[in-house]
Amino acid sequence: VVTGTGGGNEIGVATRFRAEATLISLASECGINPKELDAHFRPMARPARIAHPLLLRSASRYVGWKKQQGRNIPIDYGKPQAAALAKQVNDLNSFFADIQIEPAGDHYAFHRIFNEGDAPGFDWNKGGRLYSIGDSYQQRKSADRASIKLNGQPVIEIDIQASHLTILSALLRKPIDPTSSDPYQHPSIPRRILKGWVVMTLGHNRFHRAWSADMIADYHQRTGGKLGNDYPIRNVREEALKLLPLLKDWESCPIRWGDLQFVESCAVVDTVHHLAMEHGIPALPVHDSIIVPACNEEVAASTLQRTFEKRVGVKPKLALK
C-alpha cells in the first residue's frame, strides 16, 4: 500500500495498492496474465475535464541530503491566471478523452504541477510540468513507450536535447548552440555520465559531493562496475566545468531548477495544446519530449522547435528516441 496525501482543503494523491507475488500467482492460476490485463479489466473512461487540473506545492526542502516534497497549497480558480492555466489543461483533457491510446490504462487525465507556491513573488512561474494521472506512460522506459499507439497509429518520441542546459545558457546570455555540437561530448568521460552529472547539478542548489543512488545503480547494472571508483564525482565535476564554464557559478546563480523547468514546461505544453487544438494531432508530453503518431513527425517537430525558440530565443536540437 502506498498511502495517499492531502485531505481537507488540500488536493492530494489517492492511496494506491500494488499486487504482491501471491496475488499475481493466483491470477496466473486463473488464466489471467498480468501482461494482458486490458483483456480482463476495462480501464476507466477518460474525463473531458477534471475539477483540479492544477496542483500547487510549497518549496521542497532538504533534510541532510534527502529532498522532502513541499506541501500542497489550495488554489483559487476564480483568479484569472489560475483559471487560464486550468482551462489549457482541461482543453487537453477534453481532446484526449476521445483519443484511442494503447495500452488503454497508460493515461487517465493531465494535471499541471507548479512548485514553490510559497516563495516571495510567486507568479505561477516555477515548475509547471504536465503530468499524466494514473498508471502513467511517463513512468515507462523510453523503449516501452515506443510500443504506444495513438488512434491505432505507431508513434515516435521527439526529444529536446540538452533542454535545461540550453535554457540556462539563454537566460544567462551565455549562449551555446545546441545544433552545432553535442554539449556533453568529452574525450574521456562517457556522455551518459557527464549528462547525468549536469542533470544532478541543475536539479540541486549546489554541487553534489557524491553520486546519486540512481546513477550508481544504473552504472552498476550497465557495466558491473562502481561509479565512484571508475569516475570520481570530483574529477567529473572538474572536467564538466571546463567543458561547460557557464556552470561554474551555479551555486550562486539566481536561476534555479524551478525556473528552468517552467520555461521548458511552457514550450512543451504550448506545443501539445497547439497540435491538439489547431491540427487535431495527439501529442503525449514526457517533460522534455513528446510522443506523436509517426505520420505527424514533421509538423510536430516543427511546432516544438518553433514554440521552444519563441519561449527561449534559441532553436533547440531535436532527436528521435
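Predicted, not measured: the structure shown is a model, and the values here were computed from it. In this chain, numbering begins with 1 at the start of the sequence shown. Side chains included, hydrogens not; waters and symmetry mates left out as well; all remaining heavy atoms used.
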All heavy atoms of N115 vs all of G128, minimum pair found to be OD1-N, 4.3 Å

*Give a yes or no on this: more than 12 heavy atoms of other residues, nucleotides or ligands lie within 6.0 Å of atom CD of E298.*
no

Indicate, with yes or no, if L244 and L172 share a hydrophobic cluster defined by side-chain heavy-atom contacts under 4.5 Å among Ile, Leu, Val, Met, Phe, Trp and Tyr. yes

Surrounding CD of E20 (heavy atoms of other residues, nucleotides or ligands, distance under 6.0 Å), is the total greater than 12?
no

Between the main-chain N or O of M200 and the side-chain N or O of H208, is there a donor-acceptor pair closer than 3.5 Å? yes

Sidechain-backbone polar pair: Q138 side chain, L130 backbone, donor-acceptor under 3.5 Å
yes

Indicate yes or no: at least one non-hydrogen side-chain atom of S60 is less than 4.5 angstrom from one of Q68.
no

| query | Mind checking whether L318 and D159 have side chains closer than 4.5 Å, heavy atoms only? | reply | no

query: Within the side chain of W211, is there an N or O that forms a donor-acceptor pair under 3.5 Å with the backbone of W197?
result: no

For the pair I290 and V268, evaluate side chain to side chain contact (heavy atoms under 4.5 Å, CB included) and give the outcome as yes or no after the intermediate values. CA-CA 8 Å; I290 58 173; V268 172; 4.2 Å; yes

Between I233 and R209, the two heavy atoms sitting closest are CG2-O, 3.4 Å

Main-chain N/O of V198 paired with Y184 side-chain donor or acceptor, under 3.5 Å: no

Check your understanding: Taking H52 for the side chain and L54 for the main chain, is one N or O donor matched with an acceptor at less than 3.5 Å?
Key -> no

Applying salt bridge (Lys or Arg N to Asp or Glu O under 4.0 Å) to D218 and not counting sequence neighbours gives R192, R222

Any chain of hydrophobic side-chain contacts (each under 4.5 Å) joining L194 to V199? no

For K321, I'd like to know if atom NZ has over 12 heavy atoms of other residues, nucleotides or ligands within 6.0 Å. yes

In this structure, CG of L55 is separated from CD1 of I133 (nearest 0.5 Å) by 9.0 Å

R311 meets the salt bridge (Lys or Arg N to Asp or Glu O under 4.0 Å) criterion, sequence neighbours left out, with D270

Between the CD1 atom in I291 and the CD1 atom in I158, the distance rounded to the nearest 0.5 Å is 10.5 Å

Residue set satisfying side chain to side chain donor-acceptor pair (under 3.5 Å) with E102, at least two apart, ordered chain then number -> Q100

To the nearest 0.5 Å, atom CG of N90 lies from atom NE2 of H111 at 12.0 Å

- Item | Donor-acceptor under 3.5 Å (Y108 side chain, S136 main chain) | no

Discussion item. Counting C-beta onward and ignoring hydrogens, is there a side-chain heavy-atom pair between P316 and Q305 closer than 4.5 Å?
Written reply: yes

**Prompt:** So, do R306 and T303 sit near enough that their side-chain heavy atoms are less than 4.5 Å apart?
**Reply:** yes

One should read off an interatomic distance between L150 CG and I281 CD1, to the nearest 0.5 angstrom, of 11.0 Å

>> Any heavy-atom pair between the side chains of K126 and D259 that's under 4.5 Å?
In response: yes

| said: Using only atom types and a distance under 3.5 Å, with no angle test, would you say the side chain of N93 pairs donor to acceptor with the backbone of D91? | reply: no

Sequence neighbours excluded, the answer for salt bridge (Lys or Arg N to Asp or Glu O under 4.0 Å) partners of K242 is E239

Apply the test side-chain hydrogen bond (donor to acceptor under 3.5 Å, both in side chains) to residues D230 and Y219: give CA-CA distance (whole Å), side-chain angles for both, the deciding distance (0.1 Å), then the verdict. CA-CA 10 Å; D230 296 347; Y219 182 79; 2.6 Å; yes

Is the shortest side-chain heavy-atom distance between P282 and P293 below 4.5 Å?
yes

Applying side chain to side chain donor-acceptor pair (under 3.5 Å) to S265 and not counting sequence neighbours gives R112

Scanning both residues in full, the closest heavy-atom pair of P47 with A109 reads CG-CB, 4.0 Å

| said: Please verify the inter-ring angle class for F96 with H107; under 30° counts as parallel, over 60° as perpendicular, anything in between as tilted. | reply: perpendicular

- Item | Flag side-chain contact, heavy atom, 4.5 Å: F207 against R237 | yes

Nearest heavy-atom contact between W250 and N205 is NE1-C, 4.2 Å

(message) Taking the ring centre of each residue, are H287 and Y131 less than 6.0 Å apart?
(response) yes

Sorted by chain and number, sequence neighbours left out, side chain to side chain donor-acceptor pair (under 3.5 Å) with S163 holds for E264

For the side chain of D118 and the backbone of A59, is there at least one donor-acceptor N/O pair under 3.5 Å apart?
-> yes

Practice problem: Give the C-alpha distance, both sets of side-chain angles, the deciding distance and a yes or no for side chain to side chain contact (heavy atoms under 4.5 Å, CB included) between F308 and I167. | Solution: CA-CA 9 Å; F308 187 94; I167 294 168; 3.8 Å; yes

In short, L168 meets C253 closest at the heavy-atom pair CD1-SG, 4.4 Å

Next on the checklist: Under a 3.5 Å cutoff, is there a donor and acceptor pairing between the side chains of S289 and E157?
Outcome noted: yes

- Item | Donor-acceptor under 3.5 Å (Q81 side chain, W124 main chain) | no

Working for side chain to side chain contact (heavy atoms under 4.5 Å, CB included), residues H204 and W257:
CA-CA 7 Å; H204 195 33; W257 69 268; over 6 Å; no

One should read off an interatomic distance between L284 CG and F110 CZ, to the nearest 0.5 angstrom, of 5.5 Å

*T166 side chain vs A162 backbone, donor-acceptor pair below 3.5 Å*: yes

Name the orientation class of the two ring planes belonging to H274 and H279 (parallel below 30°, tilted from 30 to 60°, perpendicular beyond 60°). perpendicular

Rounded to the nearest 0.5 angstrom, the CZ-NZ distance for R191 and K195 is 5.5 Å

> If we only count heavy atoms from C-beta on, is the E309 to V314 side-chain gap below 4.5 Å?
Replying inline: no

Nearest heavy-atom contact between R57 and I73 is C-CD1, 3.9 Å

If you apply the rule side chain to side chain contact (heavy atoms under 4.5 Å, CB included), what do you find for N296 with V299, and how did you get there? CA-CA 6 Å; N296 299 126; V299 64; 4.2 Å; yes

